[in-house]
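A note on names: the letters A, B, ... follow the listed sequences, proteins ahead of strands, and every chain is numbered from 1.
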Protein chains: 2
Amino acid sequence: MVNSRFSVAIHILSLIATTSDKSQLTSDFIAGSVNTNPVVVRRMIGVLKKAGLLTSQSGIAGYDLLVEPKDLTLLAIYHAIDGPEQLFAIHDEPNPACSVGRKIQHTLEGVYTSVWYAMKEQLQAQTLQDVLDQLR
Amino acid sequence: MVNSRFSVAIHILSLIATTSDKSQLTSDFIAGSVNTNPVVVRRMIGVLKKAGLLTSQSGIAGYDLLVEPKDLTLLAIYHAIDGPEQLFAIHDEPNPACSVGRKIQHTLEGVYTSVWYAMKEQLQAQTLQDVLDQLR
DNA sequence: TATTCCTGTAACTATAATAGTTACAACAGG
DNA sequence: CCTGTTGTAACTATTATAGTTACAGGAATA
């Protein structure tokens with residue numbers, strides 16, 4: 001199972017999208033909703049900011065989305081947090097002297113790529129707005 | 001990224017399927033092809049055996065598949081090694097006092113389920129025989 | 001200006017997953 | 001017996017993840 005960063009990122013973005021009172025929207029407040037540490041939140045927000053999904057100003061409470069929820073696909077969020085394009089790890093340096101070992105990496109890459117594409121399609125089909133609609 | 005057990009399992013099963021000289025097929029030989037420790041191989045084989053995919057006899061070299069490669073889907077292998085049905089972790093105990101926190105877990109479960117189904121379909125569509133064909 | 005609240009970030013710690021390793025009991029067959 | 005093998009428990013090393021402490025610096029305001 002992959003880590004919970006993707007979940008936390010979606011949670012944070014949902015809060016930013018739905019909280020109208022910006023002065024309330026501090027990393028401390030967000031951390032209280034996510035149930036984690038404010039630094040973990042600020043760290044994640046730094047990543048999302050770097051990816052161009054939101055803005056913030058040092059010293060001032062509040063964050064703003066730079067992309068409309070309906071235009072923000074879950075795939076874009078996934079990429080923002082640097083989610084891997086390969087779901088399954090492939091073991092290192094299988095034996096090239098063995099006919100299976102020689103070709104297994106390339107073969108598995110093909111298999112995993114088809115799996116990843118199917119996943120990708122799902123992530124692209126859903127936006128932050130869809131998530132917000134379900135949160136109501 | 002998920003661990004490499006799935007890759008190792010497929011590698012091991014491929015070797016068992018393609019090695020005709022059973023006396024050669026020891027955990028040591030397999031470990032040499034995978035490039036890992038024989039105990040790691042025996043451990044994994046124990047798991048696959050428990051799932052009913054192969055047999056072995058204590059003290060005797062050689063393993064035998066119990067399912068025809070063409071009938072063995074990658075999904076079955078994935079399930080055998082207890083691959084999680086949920087790809088992404090969801091953070092624990094979001095704040096129920098917050099409207100987002102209250103519903104985020106359920107919402108994300110729905111999102112991740114649709115992603116998992118797409119993945120599942122791909123894993124079910126490919127068999128060990130497909131892998132063997134590509135290894136040639 | 002001093003105070004307060006906030007962001008941004010570095011550095012450290014704790015925990016858990018993963019894989020690798022050592023060790024050894026038990027089985028098979030010459 | 002002796003050798004080579006499987007099956008398993010137990011331990012270690014490495015890494016990823018998340019949580020935490022600490023603090024520099026911006027912004028607003030009394």
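- In this structure, Asn3(A) atom CG and dA16(D) atom C1' are separated by 9 Å, rounded to whole Å.
- Reading DNA chain C from its 5' end, the first and the last nucleotide to sit under 4.0 Å from a heavy atom of chain A are dC6(C) to dA11(C).
- At a threshold of 4.0 angstrom between heavy atoms, the contacts of Lys50(B) with the nucleic acid are absent.
- Arg5(B) comes within contact range of the sugar-phosphate backbone alone, with a heavy-atom separation under 4.0 Å but no base atom that close.
- The main-chain N or O of Glu93(B) is found under 3.5 Å from a side-chain atom of Asn35(A) such that the two form a donor-acceptor pair.
- Picking from dA18(D), dA27(D), dG7(D) the nucleotide with the shortest atom distance to the side chain of Gln57(A) gives dA27(D).
- Distance, Ile60(A) CD1 to dT29(D) P: 10 Å, rounded to whole Å.
- Heavy-atom distances to DNA chain C give each of Gly46(A) and Val39(B) a nearest nucleotide, and the one nearer the 5′ end belongs to Gly46(A).
- Distance alone, capped at 3.5 Å, is enough to place a donor-acceptor pair between the Ser114(B) side chain and the Val111(B) backbone.
- Between Ser4(A) and dT17(D) there is no side-chain polar atom (N or O) within less than 4.0 angstrom of OP1 or OP2.
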List the atom pairs, with distances to 0.1 Å, where a side-chain N or O of residues 48-72 of chain B and a protein N or O form a donor-acceptor pair under 3.5 Å, not counting sequence neighbours.
unit_1   : atom_1 : unit_2   : atom_2 : d
Lys49(B) : NZ     : Ser56(B) : O      : 3.4
Lys49(B) : NZ     : Ser56(B) : OG     : 2.9

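- Within 4.0 Å of Tyr63(A), counting heavy atoms only, lie sugar-phosphate atoms of the nucleic acid but no base atom.
- Looking at every heavy atom in both residues, Ile77(B) comes nearest to Ala9(B) through CG2-CB, 4.0 Å.
- Comparing Thr26(B) and Val40(A) against DNA chain D, the residue whose closest nucleotide sits nearer the 5' end is Thr26(B).
- The environment of His106(A) atom NE2 is sparse: at most 12 non-hydrogen atoms of other residues, nucleotides or ligands sit within 6.0 angstrom.
- With the nearest nucleotide of DNA chain D identified for both Gly59(A) and Asn35(A), Asn35(A) has the one nearer the 5' end.
- Residue Ile12(B) contributes atom CD1, which lies 14 Å from atom C1' of dT6(D) at whole-angstrom precision.
- Under the 3.5 Å distance criterion, the side-chain polar atoms of Ser4(A) are left unmatched by any main-chain donor or acceptor of Ser7(A).
- Taking atom CE of residue Met44(B) and atom P of nucleotide dT8(D), one finds them 15 Å apart after rounding to whole Å.
- Not one N or O on the side chain of Lys120(A) forms a donor-acceptor pair closer than 3.5 Å with the backbone of Leu75(A).
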